[in-house]
Amino acid sequence: MRLKGPTTNRVRRHDAEAPVLDGIYKPTAILPAPPPPPSRPPRSLGDFSTAPAEDIANIAADHFSQSEALKWKQRGPMRAFLGHLAAFPGDTWQERWEASGHDEGRPVGDAAGDNRPLRMKLNCAAGQAFALRLVRPTLLGFRSNRFSHYSPWFRGVAQDPLLEEFCRRADQLPMSQARRTRTKFDVCCALTVFGIDLKDLTPEALLHYAVESRKHELAGDTTSFAGTLAWPILHEMGHFPASAPRSLRGAVTRGQVSVEEAVDRHQLHNREMRDLLVEYIRRRSANLDYSTLRGLTNLLIRTFWKQIEKINPDQKDLKLTEETFTQWKEWLMVLPDGKPRLDVDGPLMAVPRPAKLGRRRAGTLGEVGRPLPDPRRRPAMVPGPPTPPARTHGQPHPRPPAPPADSLQVRQ
């Protein structure tokens, strides 16, 4: 270990104190994974998995009713919801829920048809059943129904001091009330879907919830994650380990990946072409920054060769026929959403033309550029003799020769 102190102001090389990592950034992302099912599922009000429907309706009325006069009115929605589930096979309410098909994203209110009051009752009773842990839905099964007061329902049933501390911190965020409410809803939704308490919510589990919400566009669009504000609160509470990233964005950031991993994520079928493209991109990486290299990889693999394999699955090399290349150009002109592609020159300049492939050896990369020679095999550059200082000291630098007159006339 080197001591810190006064230095000689000189740059000196030292041996690395730690093993050198691959690439500039170490992959810090954690892998999203749902939590294991708890040995004792949370049932703060009791286990109602096989309870009669009338008993569950009475318990829901006692817990969720605002006054004694409204208890009779609260029993009706729960009776309608349990009556709907009773039509499906199963020994427990969870088995009947799974047999109903609502976990695939079909709202519970669809069972009411055009009866709008009944639809609202079924939707409200489903949320209360989720909060009571009567049934455990999937993420799609939960989010296909809309609840305006789910977080208070869930917190009132859970009575979890750790969850209350989280909600207290969420209420102090310098955000709008809508974002603070969404932060509490994300955690309550994750606990409901996983069937756990907050003490069992791990970084991997919350990341899994965020990734699945993004996959199904439940957080706004395909570029947004759910739980972005809940993550730093849980980290500040000490609920997440100190080794976990401080933000959800930091958890999903992988940093630089190897050439092999960047190519293999596209799952090419032709192994020989995969090896050829990997070797070419690796040689090009000697004089390209990571961002440019990533763009080149996407053009060659995703935009070009992956589509060639879809057009002609029997294509084994870069000797493309005019028909295959024409079909690829037609695909290139239109984006997957049907809009015209604005940047067509980039992909066309990065891939070979069939006219030149016929005169090249099979397996080369054509107009993409010939493979660069190995830098280790390049001859060493020998510098020439230095210019004597007496010939240049105190003398102005010579001006470059003026261009010919005819060239000036051409420019004018």
Side-chain angles (χ1 to χ4, degrees), residues 22-25 27 211 214-217 221-223 252-378:
D22 295 334
I24 300 178
Y25 304 104
V211 171
R214 179 183 181 180
K215 175 182 177 181
H216 298 292
E217 300 185 15
D221 51 34
T222 56
T223 62
V252 299
T253 301
R254 285 290 310 274
Q256 293 191 3
V257 298
S258 63
V259 175
E260 290 80 1
E261 186 176 357
V263 173
D264 291 340
R265 67 177 54 178
H266 298 284
Q267 301 178 357
L268 300 181
H269 300 293
N270 192 332
R271 188 68 182 181
E272 295 181 358
M273 282 300 305
R274 177 264 180 196
D275 296 340
L276 175 67
L277 293 171
V278 166
E279 180 63 22
Y280 171 73
I281 296 173
R282 185 187 292 113
R283 293 196 178 191
R284 287 291 303 272
S285 64
N287 59 346
L288 295 178
D289 59 83
Y290 182 73
S291 179
T292 306
L293 185 66
R294 182 179 178 181
L296 176 64
T297 304
N298 288 334
L299 288 177
L300 287 178
I301 308 302
R302 183 183 63 183
T303 308
F304 174 59
W305 187 252
K306 185 66 176 179
Q307 302 303 322
I308 293 298
E309 288 188 340
K310 293 181 180 180
I311 295 173
N312 185 9
D314 298 331
Q315 188 71 37
K316 302 300 182 182
D317 51 30
L318 287 171
K319 288 186 175 181
L320 306 182
T321 62
E322 288 290 344
E323 180 182 0
T324 301
F325 190 74
T326 302
Q327 294 183 21
W328 176 78
K329 287 181 62 178
E330 293 176 354
W331 170 88
L332 184 65
M333 297 300 177
V334 183
L335 293 173
D337 57 0
K339 298 180 181 179
R341 186 186 297 270
L342 300 180
D343 182 19
V344 180
D345 295 337
L348 287 175
M349 293 177 62
V351 298
R353 289 189 302 179
K356 290 194 174 183
L357 286 175
R359 298 193 294 268
R360 296 181 182 270
R361 180 177 59 87
T364 60
L365 288 174
E367 277 194 344
V368 179
R370 60 183 179 84
L372 297 178
D374 193 341
R376 295 171 296 182
R377 298 180 181 179
R378 295 179 181 176

How long is the straight-line distance from [atom2] of [Y] back to [atom1] of [X], given to the nearest 0.5 Å?
| X | Y | atom1 | atom2 | result |
| --- | --- | --- | --- | --- |
| E322 | K329 | CD | NZ | 9.0 Å |
| R274 | H266 | CZ | NE2 | 12.0 Å |
| E330 | I311 | CD | CD1 | 8.5 Å |
| D314 | E309 | CG | CD | 11.0 Å |
| N312 | I308 | CG | CD1 | 8.0 Å |
| E279 | R283 | CD | CZ | 4.5 Å |

Flag side-chain contact, heavy atom, 4.5 Å: [X] against [Y]:
| X | Y | value |
| --- | --- | --- |
| V259 | T297 | no |
| L300 | Y280 | yes |
| N270 | Q315 | no |
| V263 | W305 | no |
| T324 | W328 | no |

Against the six-membered ring of W331, is R341 placed for a cation-pi contact (under 6.0 Å from the centre, within 45° of the normal)?
yes
So which of D264, V278, L268 actually passes side-chain contact (heavy atoms from CB on, under 4.5 Å) with I301?
L268
Looking at every non-hydrogen atom in both residues, tell me the closest pair between [X] and [Y] and how far apart they are.
| X | Y | result |
| --- | --- | --- |
| S285 | L293 | CB-CD2, 3.5 Å |
| A262 | V257 | CB-CG2, 4.1 Å |
| P347 | V344 | CD-O, 3.4 Å |

Taking everything shown except R294 itself, do over 12 heavy atoms lie less than 6.0 Å from its CZ?
no
Please say whether more than 12 non-hydrogen atoms of neighbouring residues, nucleotides or ligands are located less than 6.0 Å from CD in E323.
no
Is there a donor-acceptor contact under 3.5 Å from the side chain of K306 to the main chain of Q267?
yes
